[in-house]
There are 2 protein chains.
Amino acid sequence: MSDEDRGAMVYALLRETRPLVLNSARVVEASLRGDGLSVGTRAVLEMLAEHGPMTVPDIGDRLDLARQGIQRHVNDLSTRGLVESRVNPAHRRSVLIATTPAGAALFARIRADELARLGAMAAEHSAGDLATALRVLRSVNRDVRQRATDLR
Amino acid sequence: MSDEDRGAMVYALLRETRPLVLNSARVVEASLRGDGLSVGTRAVLEMLAEHGPMTVPDIGDRLDLARQGIQRHVNDLSTRGLVESRVNPAHRRSVLIATTPAGAALFARIRADELARLGAMAAEHSAGDLATALRVLRSVNRDVRQRATDLR
DNA sequence: ATTCATATGACATCATGGTTGTCATGTCAG
DNA sequence: CTGACATGACAACCATGATGTCATATGAAT
């Protein structure tokens, strides 16, 4: 496959992502509204729930966002009692952020709800196709991320 | 495949999209900055360049955005001489928006630049894999979009 | 051990753009 | 003819990504 053809296919792929993110954010926000969460705070809660306690800058690195914005979300979640600070054995100044039991329970409920609804999506595709799509998306993500990193 | 497994795969897919959109927007914006365009105005210009003249509400429908925001982009593009209004034979009030020669030329240049850079992305995947990923993404997009539409 | 670059939290500011609302006017179906 | 809806214009709000600053803590280099 020529580079032009590949470029055209990746171009088409990327074009799907914007509306997909917008629409999924709308759906997710709608069910999150009752809990006072946004997609941003939800993403932070998810990161902590899945990968354990970490510092604010670490969350930012993982989500490709500046630590300042993450700090806002963490402060918001902390006010709601969904996350809490813990002393960092490896760093006195930089505290670890961890989910509280309430935060972990809330996210578990949110994810269960979402998984149930997502089960009906893209029903005409096989598990193999979904796996292929995931692999491709991760590769594109990796390469685009590299480009974005080069900008800094 | 069970619904739970499918849900988990689509969940993983969607999780890739947010950082992908963010990072690609950063890369695209960086090269667009010189032309005074943003990803928003670029999307409108792209729509007009690829699908021909259409009304502001039509662009909004196609991009899953409110016509008010599209109007802002159109006004901006119009000020820069990249798009222009034409009388709509099917509607006296609702004008058609079309690219000017300058706008069409600018977008052609932008797309050529982007295609060239995208040719190096996800190089370890076959054309078939890319095609599969595109089909899956379109299906997910369609179903998520349906959910979002149901919210209104 | 001292020094210096960097990391971190806290705080502030700004721009983009998605969302919502209003109003006058044009359009179209009943 | 009338009422429901579409459209352009304009306005306002707000979440959030981007950026900058500053004091302090940390770690590495000398």
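Note on naming: letters A, B, ... go to the chains in the order of the sequence lines (proteins, then strands), and numbering restarts at 1 for each one.
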Undergrad: Which pairs with one or both residues in residues 58-69 of chain B pass salt bridge (charged side-chain N to carboxylate O under 4.0 Å, His left out), sequence neighbours excluded?
TA: Asp64(B)-Arg145(B)

Undergrad: Round to the nearest Å and state the distance from Leu96(B) atom CG to dA6(D) atom P.
TA: 18 Å

Undergrad: Counting just side-chain N and O atoms, does Arg26(A) come under 4.0 Å of either OP1 or OP2 of dG18(C)?
TA: no

Undergrad: Salt bridge (charged side-chain N to carboxylate O under 4.0 Å, His left out) with Arg42(B): which residues, sequence neighbours excluded?
TA: Glu46(B), Glu114(B)

Undergrad: From CZ of Arg18(A) over to C1' of dT16(C), roughly how many Å is that when rounded to an integer?
TA: 11 Å

Undergrad: In whole angstroms, how far is the P atom of dT16(C) from the CG atom of Leu22(B)?
TA: 17 Å

Undergrad: Kindly say whether Leu37(B) contributes a backbone atom to a donor-acceptor pair with the side chain of Thr41(B) at under 3.5 angstrom?
TA: no

Undergrad: What salt bridge (charged side-chain N to carboxylate O under 4.0 Å, His left out) pairs are there with at least one residue in residues 117-127 of chain A, not counting sequence neighbours?
TA: Glu124(A)-Arg142(B)

Undergrad: Grab the CG-C1' distance between Leu77(A) and dA15(D) for me, whole Å please.
TA: 15 Å

Undergrad: Can you give the dot-bracket line for DNA chain C, where a pair is Watson-Crick or G-U wobble with both atom distances under 3.5 Å, crossing pairs use [ ], and | marks a partner on another strand?
TA: ||||||||||||||||||||||||||||||

Undergrad: Could you pull out all residues at least two apart from Leu96(B) that satisfy side-chain contact (heavy atoms from CB on, under 4.5 Å)?
TA: Pro53(B), Thr55(B), Arg86(B), Asn88(B), Pro89(B)

Undergrad: Among residues at least two apart in sequence or on other chains, which ones pass salt bridge (charged side-chain N to carboxylate O under 4.0 Å, His left out) with Arg138(A)?
TA: Glu16(B)

Undergrad: Give, for atom CG of Asn23(B) and atom CD of Gln146(A), the distance between the pair rounded to the nearest 0.5 Å.
TA: 10.5 Å

Undergrad: State which residues pass side-chain contact (heavy atoms from CB on, under 4.5 Å) with Ala123(A); sequence neighbours excluded, sorted by chain then number.
TA: none

Undergrad: Near DNA chain C, which residues from residues 64-75 of chain A have a heavy atom under 4.0 Å away?
TA: Arg67(A), Gln68(A), Gln71(A), Arg72(A)

Undergrad: List in chain and number order the residues that pass side-chain contact (heavy atoms from CB on, under 4.5 Å) with Thr100(A), two or more places apart in sequence or in another chain; answer none if no residue qualifies.
TA: Glu84(A), Ala102(A)

Undergrad: Among residues at least two apart in sequence or on other chains, which ones pass salt bridge (charged side-chain N to carboxylate O under 4.0 Å, His left out) with Asp129(A)?
TA: none

Undergrad: Share the residues that join Val21(B) in a hydrophobic cluster, the rule being Ile, Leu, Val, Met, Phe, Trp or Tyr side chains under 4.5 Å apart at the heavy-atom level.
TA: Val21(A)

Undergrad: Between P on dT16(D) and CG on Leu63(A), what's the gap in Å once rounded to a whole number?
TA: 13 Å

Undergrad: Mind running a 4.0 Å heavy-atom check of residues 32-61 of chain A against DNA chain C and sending the residues that fall below it, in number order?
TA: Val56(A), Pro57(A)

